Amino acid sequence: NAGVTQTPKFQVLKTGQSMTLQCAQDMNHEYMSWYRQDPGMGLRLIHYSVGAGITDQGEVPNGYNVSRSTTEDFPLRLLSAAPSQTSVYFCASFSPPQGEKTQYFGPGTRLLVL
Amino acid sequence: DQQVKQNSPSLSVQEGRISILNCDYTNSMFDYFLWYKKYPAEGPTFLISISSIKDKNEDGRFTVFLNKSAKHLSLHIVPSQPGDSAVYFCAALTTDSWGKFQFGAGTQVVVTP
């Protein structure tokens, strides 16, 4: 049982490049989400999904795209990277409110945009 | 507009003593609150939670208190241990908007021998 996995662990991009951060979970959770962590800002929600085919915006969605074609995977796409997107990105999965009320986080992807 | 605030960026406590971490929120619709612990280079891990229908929840050395009228919650760790040195985040949401977790900025706890 791997829980929530994220790849890559670390990535350096040049301004304007695109990339996809991968996230997968094996707990059959309906809900998944993406956060970014910046110093002094805590964790800010980028996008989340309540099931395959359903996504919604969080607090800081601009510059990021998501899709959810399967229950297991929730990739985050940066279409044109900017230095302001330098951050640590965390993916999480969790159950609906009737179930276990907590999130399980992946180990994070550290992204540097030059 | 940050709706969940942790106003103390850091806390130093002696081993064996009590650690008290505070969290304030502005949205009166929040009805579920959680605390997470984070070590460097790892993802946050769930610690303890509380529903707005309760004012206290205990799990071993960890107790969370909720004061709805003051829109304030606190996490007590007794006794503090060196392994408790980490960043602690509080989070809140409304169960009607399950998925939209709002996090505070975190408090770095250092437990000294």
Side-chain angles (χ1 to χ4, degrees), chain A residues 2-7 9-10 21 23-25 27 29-51 54-61 66 68 74 88-110, chain B residues 1-10 21-27 29-54 57 59 62 64 86-108:
Chain A
V4 180
T5 58
Q6 291 184 239
T7 56
K9 283 188 168 51
F10 180 70
L21 280 65
C23 174
Q25 54 97 4
M27 295 173 281
H29 285 158
E30 294 177 39
Y31 290 67
M32 296 184 75
S33 54
W34 275 103
Y35 294 87
R36 59 178 289 173
Q37 185 193 6
D38 301 294
M41 302 291 289
L43 291 154
R44 291 185 292 169
L45 182 64
I46 304 172
H47 287 284
Y48 69 103
S49 169
V50 302
I54 307 170
T55 64
D56 201 354
Q57 294 182 351
E59 192 181 346
V60 288
V66 292
R68 183 100 179 269
F74 190 41
V88 182
Y89 291 84
F90 291 100
C91 178
S93 75
F94 48 108
S95 300
Q98 300 83 359
E100 185 184 14
K101 292 182 176 62
T102 185
Q103 298 187 76
Y104 294 87
F105 284 86
T109 293
R110 189 173 295 271
Chain B
D1 176 33
Q2 206 160 10
Q3 299 185 51
V4 179
K5 296 178 183 178
Q6 294 176 256
N7 292 318
S8 298
S10 63
L21 290 79
N22 294 305
C23 180
D24 297 295
Y25 60 96
T26 57
N27 187 343
M29 300 300 292
F30 287 148
D31 58 3
Y32 202 76
F33 306 88
L34 309 94
W35 284 94
Y36 290 83
K37 177 178 180 179
K38 186 185 179 303
Y39 292 119
E42 294 184 12
T45 55
F46 170 74
L47 206 51
I48 192 168
S49 64
I50 188 166
S51 163
S52 62
I53 62 173
K54 295 185 175 181
N57 190 26
D59 185 1
F62 303 93
V64 56
V87 177
Y88 290 79
F89 293 100
C90 69
L93 77 165
T94 63
T95 46
D96 282 349
S97 297
W98 193 252
K100 286 196 165 184
F101 289 74
Q102 298 241 13
F103 281 79
T107 296
Q108 172 77 59

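Model, not experiment: these values are computed from the prediction. All values below were derived from every heavy atom in this structure, side-chain atoms included, with hydrogens, water molecules and symmetry-related copies excluded. Every chain is numbered from 1, with letters handed out A, B, ... down the list of sequences.
Nearest heavy atoms, A:Gly40 versus B:Ala105: O-CB, 3.5 Å.
For a residue to count as touching a neighbouring chain, one of its non-hydrogen atoms must lie under 4.5 Å from one of that chain's; by this rule B:Phe101 touches chain A with backbone and side chain alike. With a 4.5 angstrom heavy-atom cutoff, B:Pro44 touches chain A via backbone and side-chain atoms both. For B:Ala91, no part lies under 4.5 angstrom from a heavy atom of chain A. A:Gln37 touches chain B through its side chain: at least one heavy atom from C-beta onward sits under 4.5 Å away, while N, CA, C and O do not. Looking at A:Leu45, the atoms closer than 4.5 Å to chain B (heavy atoms on both sides) all sit in the side chain, from C-beta outward. Neither the backbone nor the side chain of B:Gln6 comes within contact range of chain A; no heavy atom of the residue lies under 4.5 Å from a heavy atom of that chain. Residue A:Glu30: no heavy atom, backbone or side chain, is found under 4.5 Å from chain B.
Summarising the geometry, atom CH2 belonging to B:Trp98 is positioned 7.5 Å from atom CZ belonging to A:Phe94; distances are rounded to the nearest 0.5 Å. If you take CZ on B:Phe46 and OH on A:Tyr104, they are separated by 8.5 Å, rounding to the nearest 0.5 Å. In this structure, the separation between OG1 on A:Thr102 and CG on B:Leu47 is 9.5 Å, given to the nearest 0.5 Å. Rounded to the nearest 0.5 Å, atoms CD (A:Glu59) and CD (B:Gln2) are 7.5 Å apart. With rounding to the nearest 0.5 Å, the separation of CZ in B:Phe103 from CZ in A:Phe90 is 10.5 Å.
Atom CZ of A:Arg44 has more than 12 heavy atoms from other residues, nucleotides or ligands within 6.0 Å.
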